[in-house]
Every structure is written in structure tokens, then in C-alpha cells.
Amino acid sequence: MEMVKKPWKIIPRPLLETVLNNHVQHHRVHQSLIVHGPRGVGKTTLLLERLLNDWNKGPHFTGYVDFAESIKDHHPKHNQSFPWYAWSNCDPPTLSYCKTQLETCLESMVQRGIRLGSISSSQIFSTLNKWHSPNTALRRILSISSNDKRVTKNAISKKVSGSALWERAVFALSARLNAEEIDGVLELREKKGKKSLSVEEEAYFREAVVAMKLAKEVVEMQRGWRANAIADLNRTGGFSRPLANSCTDWPCLLIELLSDAAEIDHFQPKLVINNIEALRNAILTDDSMVSASMYHDSLIWRIIALGANEQCLPVILVTSDSYYSYKAYLEFGFIDIFISRETFGWTPQEAKMHMINDYFSQSEWAVIAEVLGPNPRHLFELYALKQSSYYQKVMDDKTSTFEDIVDAYLAYLQVTVVNPAMDKALHLLQKFAVDARRGRVPKDRLRFGAAWRHPPQSDDTSLLAEWAKLQLMDYVQCLVNADFGLNYLADCSLEIFDDPSAVVLLEVGLFYAQRDPSFMRPITRGIQRCLVRWLVQERMQLSYWNLLQFHWHRFIRGRSYRHLMLQDRS
């Protein structure tokens, strides 16, 4: 029976949607929420298609930042299968881009609060004065304000209070700013010869807009005073919390302003940051900022502190990186420091209920469930292939079956996703070997009996490549023997994270270490099949000597994680 072509629809996730909706209904919360799960399970689709519209109705206003936008803009070929790509497989965004994107979003949210009358100039000064002691910067701004001739030496003497300095600096800055620029922020436009605001209200809002710009100028000036220290920190590779905080002062000041201004049924802001792992892996292009990982950690730390001490606006972090499923919780304090919501898409039963009759027949679904599993991205891409002219061409051949279409899709995954990721993994393993030889790897990771304990002792690229391939093949073979499922907390040792092969497969996005239960496995059944194909292909290409070396390594030094095998796996 020929299936009727139907457009793909976004299927609700009632339980997860309810959890997220309940979290953002609060105007302030104590904990941030992390939505994490493997690539391709529909996290971004859920937000964009099901939730964000409702989170921008009435008093609710949601700022949405997606650090993946720069990758999509510069790498169009990655758009269609973007969820399969980890940041190590393509050029990550620059830190300056991520910083600008985050600050622009937060500034637009503060401007919305100003237009609603929830944020005033005095509130901005109070928040600024709470952490930054702006008097010196305000005097400097007043001293270089050449347009306001009433600024005299008496006005910037040490006897003048901070609030008086602030008022005079706001007045001086308002004289320099373009009136049309302020009107654009406040959306003040005359309609049919009538103004929507009174003179007093308009002056109040204008003062708040100028105050926000002044606060940014103060923060940037204070960060500029630390520029040499930041550059020296980048050269030496050290750590400094004050310097890291100086780079995140402005976004954190805006978050605190929004949190203080939040009011039920009037102004309820919330912030959603998608692909937060991109910020952690961003590229530092100059010495004006601390490293990306330090910037990321400072931002998260300060959001945690604000929520714990005073309450913070709802912040939702969305990620496909395994780091945020378990390790991040420990590094930032304890296992429940964030609210964790892990999603794996559909169960086989749910996918079967949604797919059969609408998109696939019963016989087709049996093949899909066996070969690919219920991953939503697989199902969407396979259905798009089924709707294409290629499907009709293949099915016109009476000897062809639906299995041929699935096999063609697997070949597509192999060529465009798995093979490039494995090539990157091999490159990372070679880098590990170089670091180990130069003493940059802790000795605990090179303990006696470890399969990776003896990397090449030279910079010969061919030897490094052979060693890296041997390590990765050994690890994949070990996974095959363990049925592609490991419980990394089974013996409470976390020993598998010492294995560089396990780490690089997590980094390139082919594996995912889930939180509860603590399983590490390929992100989908289809990716798992492609990994087996990669292993078979690499073994077939080995020379006789390399094959003998592989078997010797497996017998003498080979990995064995069978004691970590899953006991009960869905």
C-alpha cells in the first residue's frame, strides 16, 4: 500500500515541556536548569517550535542565545546534519562573537525592562555600586567629557558623593548621545502627531537608557585597567578569578539587574542559552579576554552564586556535551548544584506510535527499529530521503527494497559524520601522545597496565598515526566485546575517563556519557553500526605487519571493560 506523503510535524513532549514550563513560570529561582542529552534528540526543536513562543507572551520575555549560529553561518553544509557535529569537528566560534551575542541579548532584555518602567537609573547605579566601586571611573569619564563645559574641577573632587558623580555623568553622557539612538531603544515614535508618553515619563526612560550605557562604559573602563594583567595571564597560562570576573562583569551585571527587576504578572524575564559547550570551546583571538574555558566558568559560577544568595531569573542551559551530564556538577560544587533534565528523545514504543501509518509502514518500521533505533533526527532524515526522487528511482527497480534505502542512509552517515569524526579523534590521540612524551599528561593516567602507556618516543608523524589508529581500533573492539555499553560508575572509579580513546570519542560527539543511569555508549544505534563498519574497514586495510601488531596488542595490552558492561540497558 502506497503511503500518503505528509509534512513532518513536531510531536509534543508533554513531560519535558511541563517541567520546563513550570521552571520558567517563576520570576526568580535558586538554581539554573540544564537540558542535556545526545545529539539529534530534538532539544533545539523543542525550544524553538514548542516553547519559546509561549515564553514571550504577556509578562514573559525570553532572551535566546544560540552559540551555534556562527557555525551555521560559516558552514552551510553543516546545517542539515548539524546535531551530529561536535565543536571539535568544525571551527568553533570565537570568544568575542559569543561574548557579543550574549551581551546583545541581555541588553535587549534590559531595554525591555526599561520600557516597562521596571528598571531605572537609580537601580542601575545601585547594582553597579554594589560590586564595582565606580567613583574613580566616573571621575575619569567626567574629566574627559569635553562637551559639557559645566564639568569643573570641583565637580570631580573627592568630596563629591558617588550618587552625585553618577547623576552628573549621566547628564554629561546624555549630551553626547544621539537623541534618535535613544528613541530607537525606547521605541519612541510619534504616531499621527501624538506622543505616547508624557514629558516626565519620557525623561525618566531616557535617563535609564543613558544610565545603562554609562554603566557599560564604566565596566569596560575598569576592565581596560586590567588589560596588561589579562594579557600576561594568557601568556603564562595561569588562573585568576578576579581577572576572569572582570571579563564577565557586564553580562553578570545585566543578569542581576533583570533578576532584581523581575515582577510577577508584569515583567518576567528568562534566559535560554543553547549550545553552551561552544562557549567553553571558543577560540581566543586576542589578549583582551581571558581564555574561553575561564570565561565560561566565571559566568556559570556567578549565575550559581546569584541564584544561591539572592535568587536569579530562570536560566536554562541546553547542551549535547557529556561534560554537562555529570562532570560539570562536580566541578561547580556538588551533584545537585544544577537542576538536571536529561532527554533521549523517544523510546522505541513512543516512536513506533508516532511513526507507523503516518510516516512509515509496519514492515519499514521493523527495519528502522533494528538498524537505526528511535532517534528523531535519524527518522526525520530518513523520511526526507524517502520523500525524495532518489527513493522513487530505487523503488522503481523491482529488485530493490526499503533495506536499500536504509543502507544508503547508513552510507551517508558513514561518509559525512562518522569517518570525519574518527579522523578528528585520531588527530586528538596523536596530540595526546605528543603531550605524554613531553610530560604534560599526569602520571596517574599512564599507570602500569594501561593500554596507552607507551606512546611513540619521537615526533615521527607516521609512528604517531599508527599508534593512534591502533589505540582507537583497540578501544572500538573492546566496545564490541562489551556490547557497546559501559557503566562508568559501576565500580566508582571513573577509570574509563583516563582512557584517551574514550575521551576523544566523547569530544567528537560520537559517544555520550549519560547521567542517570551512568551509561556511556554511542549516541544512536545507527552511529554504533557505522563504528563497527569503520573498525571492519580499518582492519581490512591493515598491512600484514600492522595486523600482527594489532593482534599482539589485543592479547598483551588490550583493553577490557567487560566488568563495566551494562546489566540492564533499554
Side-chain angles (χ1 to χ4, degrees), residues 65-71 73-75 86-107 128 131-134 136-141 143-144 212-256 273 275-305 317 321 323 328 331-332 424 427-428 431-432 434-435 438-441 507:
V65 179
D66 186 358
F67 292 132
E69 288 299 322
S70 66
I71 304 297
D73 292 342
H74 293 88
H75 297 272
W87 295 109
S88 56
N89 295 338
C90 49
D91 296 333
T94 62
L95 180 58
S96 60
Y97 170 84
C98 294
K99 175 177 177 289
T100 301
Q101 196 178 17
L102 176 63
E103 292 179 356
T104 301
C105 174
L106 290 170
E107 288 170 6
L128 181 68
W131 301 106
H132 296 282
S133 301
T136 302
L138 289 174
R139 290 191 182 94
R140 182 71 61 84
I141 292 172
S143 66
I144 62 178
M212 186 185 76
K213 294 182 178 295
L214 177 61
K216 185 174 183 178
E217 192 170 330
V218 168
V219 171
E220 290 298 320
M221 179 175 290
Q222 291 180 341
R223 184 167 69 90
W225 295 341
R226 301 178 176 92
N228 292 335
I230 292 174
D232 181 69
L233 182 70
N234 289 331
R235 285 192 298 270
T236 58
F239 172 79
S240 172
R241 179 169 292 182
L243 294 181
N245 288 348
S246 70
C247 295
T248 58
D249 278 341
W250 181 236
C252 290
L253 176 67
L254 296 176
I255 290 175
E256 186 165 352
I273 302 179
N275 295 297
I276 182 65
E277 71 274 11
L279 176 63
R280 183 167 170 258
N281 298 318
I283 298 174
L284 184 64
T285 55
D286 54 50
D287 287 332
S288 64
M289 299 282 293
V290 296
S291 66
S293 60
M294 203 180 299
Y295 182 95
H296 164 276
D297 291 350
S298 174
L299 179 67
I300 301 299
W301 265 119
R302 299 179 74 175
I303 292 175
I304 292 172
L317 309 177
D321 194 332
Y323 169 78
E331 291 190 355
F332 283 104
K424 184 63 178 180
H427 174 74
L428 293 174
K431 183 177 181 297
F432 172 85
V434 173
D435 291 341
R438 295 178 179 176
R440 299 174 183 170
V441 177
E507 287 185 16

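Only a predicted model underlies this, so the values are computations on that prediction, with no experimental measurement involved.
Residues meeting the side-chain hydrogen bond (donor to acceptor under 3.5 Å, both in side chains) test with D249, sequence neighbours left out: R302. Taking W250 as the reference, nothing meets the ring pair (Phe, Tyr, Trp, His ring centres under 6.0 Å) condition, with sequence neighbours excluded. Considering only residues two or more places apart in sequence or on other chains, D232 meets the side-chain hydrogen bond (donor to acceptor under 3.5 Å, both in side chains) condition with none of them. Under the side-chain hydrogen bond (donor to acceptor under 3.5 Å, both in side chains) criterion, S246 pairs with no residue at all, not counting sequence neighbours. Remark: A282 pairs with L95, C98, A292 by the side chain to side chain contact (heavy atoms under 4.5 Å, CB included) rule, at least two apart or across chains. In terms of the side chain to side chain contact (heavy atoms under 4.5 Å, CB included) criterion, residue partners of C105 (sequence neighbours excluded) are, by chain and number, V65, M109, L271. Every side chain to side chain contact (heavy atoms under 4.5 Å, CB included) that A231 has, sequence neighbours left out, goes to R235, D287. With sequence neighbours excluded, the residues forming a side chain to side chain contact (heavy atoms under 4.5 Å, CB included) with E256 are T127, K130, W131, D260, L306, E310, listed by chain and number. Scored by the side-chain hydrogen bond (donor to acceptor under 3.5 Å, both in side chains) test, R440 finds D435 as partners (sequence neighbours excluded).
A heavy-atom distance below 4.5 Å is not found between the side chains of E277 and Y323. No side-chain heavy atom of V290 sits less than 4.5 Å from a side-chain heavy atom of F239. Using a 4.5 Å heavy-atom cutoff, the side chains of I276 and D321 are not in contact. Using a 4.5 Å heavy-atom cutoff, the side chains of I141 and E217 are in contact. Taking 4.5 Å as the limit, every side-chain heavy atom of Q222 sits out of range of all side-chain heavy atoms of R140.
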| query | Given the rule in the side chain to side chain contact (heavy atoms under 4.5 Å, CB included) test, do L299 and L102 qualify, once you have shown the distances and angles that lead to the verdict? | reply | CA-CA 11 Å; L299 179 67; L102 176 63; 3.7 Å; yes
| field | Test log, rule side chain to side chain contact (heavy atoms under 4.5 Å, CB included), inputs I273 and L279 | value | CA-CA 10 Å; I273 302 179; L279 176 63; over 6 Å; no
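Between R223 and E220 there is a salt bridge, since a side-chain N of the basic residue sits under 4.0 Å from a carboxylate O of the acidic one.
Expressed to the nearest 0.5 Å, how far CG of L243 lies from CE of M289 amounts to 11.5 Å. In this structure, CG on L128 lies 6.0 Å from CG on L253, to the nearest 0.5 angstrom. Here the OG atom belonging to S240 is positioned 8.5 Å from the CD1 atom belonging to I230, to the nearest 0.5 angstrom.
Side-chain atoms of Y97 and E69 include no donor-acceptor pair closer than 3.5 Å.
Nearest heavy-atom pair across D286 and N234 is O-ND2, 4.4 Å. Taking each heavy atom of S298 and T248 in turn, the nearest pair found is OG-OG1, 2.9 Å. For L106 against P251, the heavy-atom pair with the smallest separation is CD1-O, 3.6 Å.
Residue pairs meeting the salt bridge (charged side-chain N to carboxylate O under 4.0 Å, His left out) criterion with at least one member in residues 96-106, sequence neighbours excluded, are K99-E103.
Shown here is H132, whose NE2 atom has more than 12 heavy atoms of other residues, nucleotides or ligands within 6.0 Å.
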